[in-house]
Chemist: 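Let me give you the structure first, and then I'll get to my questions.
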Amino acid sequence: QVQLVESGGGLVQAGGSLRLSCAASGRAFRWYIMGWFRQAPGKEREFVAAITWSGDRTYYADAVKGRFTISRDNAKNTVYLQMNSLKPEDTAVYYCAASEHLGYSSSYYYTDPIRGYDYWGQGTQVTVSS
């Protein structure tokens, strides 16, 4: 009924760039908070980036700060993740997530995949070769 569909993943060499897209459809057309997480084999889901509905606030994991940029186009109901200067350590399945929360009192919740988000996409594979 609600769906998030990621696209844009693929294989890229270290130092290259990719742009991931997440298109939302279904009942929820206004998701106030949207984020990106990633999960490498054998590891827990890791927060990557998040953005509020207006784009007034953005949050980034230290590992990607300065290299990745999250943005959104509410008219298209789409969130993007521009990934530059990719490293082999960025290799993972990347998941789009959405929350119906307007905001959080603590920035911690933007990074919490369990408490912070309500909907998830199926993921898109990003592989960065060395």
Side-chain angles (χ1 to χ4, degrees):
Q1 293 182 344
V2 296
Q3 191 173 31
L4 302 175
V5 180
E6 302 96 335
S7 62
L11 175 65
V12 66
Q13 199 158 9
S17 298
L18 286 173
R19 188 177 78 156
L20 306 183
S21 299
C22 174
S25 63
R27 288 183 173 180
F29 292 98
R30 176 174 287 184
W31 289 327
Y32 290 98
I33 302 166
M34 298 190 74
W36 288 95
F37 291 76
R38 65 188 183 185
Q39 187 168 18
K43 296 185 178 180
E44 299 289 331
R45 275 182 297 178
E46 177 188 18
F47 169 75
V48 176
I51 188 170
T52 56
W53 186 84
S54 67
D56 180 61
R57 296 282 188 270
T58 57
Y59 305 87
Y60 296 95
D62 289 341
V64 307
K65 196 173 298 181
R67 298 188 297 121
F68 291 9
T69 302
I70 188 170
S71 62
R72 66 192 296 167
D73 186 338
N74 290 335
K76 296 181 178 179
N77 219 14
T78 301
V79 65
Y80 305 95
L81 184 69
Q82 178 67 47
M83 305 185 294
N84 298 326
S85 301
L86 283 162
K87 304 175 180 179
E89 304 94 279
D90 297 317
T91 296
V93 176
Y94 282 70
Y95 297 93
C96 177
S99 172
E100 295 178 345
H101 289 83
L102 177 63
Y104 295 116
S105 59
S106 171
S107 61
Y108 165 81
Y109 290 100
Y110 294 99
T111 73
D112 191 327
I114 305 301
R115 294 180 175 86
Y117 296 88
D118 304 297
Y119 305 100
W120 292 86
Q122 292 294 314
T124 185
Q125 177 71 47
V126 172
T127 302
V128 184
S129 62
S130 60

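Just so we're clear, the structure is a prediction, and the values are computed from it rather than from any experiment.
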Chemist: Are Lys87 and Asp90 ion-paired here, with the side-chain N under 4.0 Å from a carboxylate O?
Modeler: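 Answer for the salt bridge query: no.
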Chemist: So, for Ser85 and Arg67, which heavy atoms are closest and what is the spacing to 0.1 Å?
Modeler: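 In this case the closest contact between Ser85 and Arg67 is O-NH1, 3.0 Å.
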Chemist: Do side-chain atoms of Tyr60 reach the backbone of Ala50 as a donor and acceptor pair under 3.5 angstrom?
Modeler: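 No.
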Chemist: Using 0.5 Å steps for rounding, measure from the NE2 atom of His101 to the CD1 atom of Ile33.
Modeler: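 With rounding to 0.5 Å, NE2 (His101) is 7.5 Å from CD1 (Ile33).
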Chemist: Do Trp36 and Val12 share a hydrophobic cluster (ILVMFWY, side-chain heavy atoms under 4.5 Å, transitive)?
Modeler: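 Per the 4.5 Å side-chain linkage, Trp36 and Val12 are co-clustered.
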Chemist: Hydrophobic clusters here meaning ILVMFWY residues chained together by side-chain heavy-atom distances under 4.5 Å, can you tell me if Tyr117 and Ile114 are in one?
Modeler: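 No, Tyr117 does not connect to Ile114 through the hydrophobic network.
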Chemist: Evaluate the side chain to side chain donor-acceptor pair (under 3.5 Å) criterion for residues Tyr119 and Glu100: first the C-alpha distance (whole Å), next the side-chain angles of each, then the deciding distance (0.1 Å), finally the verdict.
Modeler: CA-CA 9 Å; Tyr119 305 100; Glu100 295 178 345; 3.0 Å; yes
Chemist: With rounding to the nearest 0.5 angstrom, report the CZ to CD distance, Arg38 to Glu46.
Modeler: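 Rounded to the nearest 0.5 Å, the CZ-CD separation comes out at 4.5 Å.
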Chemist: Going by the angle between their ring planes, with limits at 30° and 60°, are Trp120 and Tyr95 parallel, tilted or perpendicular?
Modeler: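 Perpendicular, since the angle between the ring planes exceeds 60°.
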Chemist: Rounded to the nearest 0.5 Å, how far apart are CE of Met83 and OG of Ser17?
Modeler: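 OG of Ser17 is found 8.5 Å from CE of Met83.
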Chemist: I'd like to know if the side chain of Thr124 and the backbone of Tyr94 have a donor-acceptor N/O pair within less than 3.5 Å.
Modeler: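 The answer is no, because no donor-acceptor pair under 3.5 Å joins these two groups.
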Chemist: Would you say the side-chain atoms of Asn77 pair up with the backbone N or O of Ala23, donor to acceptor, closer than 3.5 Å?
Modeler: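 Checked: no pair found.
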Chemist: Please determine, by modelled atom types, if Thr127 and Gln125 share a side-chain donor-acceptor pair under 3.5 angstrom.
Modeler: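 Indeed, the side chains of Thr127 and Gln125 share at least one donor-acceptor pair under 3.5 Å.
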Chemist: Please report the interatomic distance CG(Leu18) to CD(Gln82), rounded to the nearest 0.5 Å.
Modeler: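 Here the rounded value is 8.5 Å.
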Chemist: In Å and rounded to the nearest 0.5 Å, what is the CG to CZ distance from Leu20 to Phe68?
Modeler: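 The CZ atom of Phe68 is 8.0 Å from CG of Leu20, to the nearest 0.5 Å.
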Chemist: Taking all non-hydrogen atoms of both residues, which atom of Pro88 and which atom of Ser130 are closest, and how far apart?
Modeler: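 The pair with the smallest heavy-atom distance is CG-CB, 3.8 Å.
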Chemist: Are Leu86 and Val48 in one and the same hydrophobic cluster, where Ile, Leu, Val, Met, Phe, Trp and Tyr link if side-chain heavy atoms are under 4.5 Å apart?
Modeler: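 Leu86 clusters together with Val48.
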Chemist: How about Phe47 and Phe37: are their ring centroids closer than 6.0 Å?
Modeler: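 For Phe47 and Phe37, the ring centres are under 6.0 Å apart.
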Chemist: Report the distance from atom CD of Gln122 to atom SG of Cys96, rounding to the nearest 0.5 Å.
Modeler: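 If we round to the nearest 0.5 Å, Gln122:CD and Cys96:SG are 11.5 Å apart.
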Chemist: Go through Leu81 and Thr69 one step at a time and tell me if the side-chain contact (heavy atoms from CB on, under 4.5 Å) criterion holds.
Modeler: CA-CA 6 Å; Leu81 184 69; Thr69 302; over 6 Å; no
Chemist: More than 12 non-hydrogen atoms from neighbouring residues, nucleotides or ligands closer than 6.0 Å to OH on Tyr59, yes or no?
Modeler: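 Above 12, so yes.
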Chemist: Using modelled atom types and a 3.5 Å cut-off, is there a donor and acceptor pairing between side-chain atoms of Arg115 and backbone atoms of Thr111?
Modeler: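 Looks like no, no N/O pair under 3.5 Å.
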Chemist: Judged by modelled atom types alone, do Thr78 and Asp73 share a side-chain donor-acceptor pair under 3.5 Å?
Modeler: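 No - no donor-acceptor pair under 3.5 Å links their side chains.
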Chemist: Ignoring hydrogens and angles, tell me if any N or O in the side chain of Asp118 forms a donor-acceptor pair with the backbone of Ser99 under 3.5 Å.
Modeler: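 Absent.
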Chemist: Could you pull out the closest heavy-atom pair between Ser71 and Val79, with the gap in Å?
Modeler: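 In terms of heavy atoms, the two residues are closest at O-CG2, 3.0 Å.
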Chemist: Return yes if some donor-acceptor pair links the side-chain N/O of Glu6 with the main-chain N/O of Gly123 below 3.5 Å, else return no.
Modeler: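 Judged by distance alone, yes, a pair lies under 3.5 Å.
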Chemist: Give the minimum heavy-atom separation between Ile70 and Gly35, together with the two atoms involved.
Modeler: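 Closest approach of Ile70 to Gly35, heavy atoms only: CD1-CA, 4.3 Å.
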Chemist: Ring centroid separation for Tyr104 and Tyr110, is it under 6.0 angstrom?
Modeler: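 Yes, they do, as the ring centres are separated by less than 6.0 Å.
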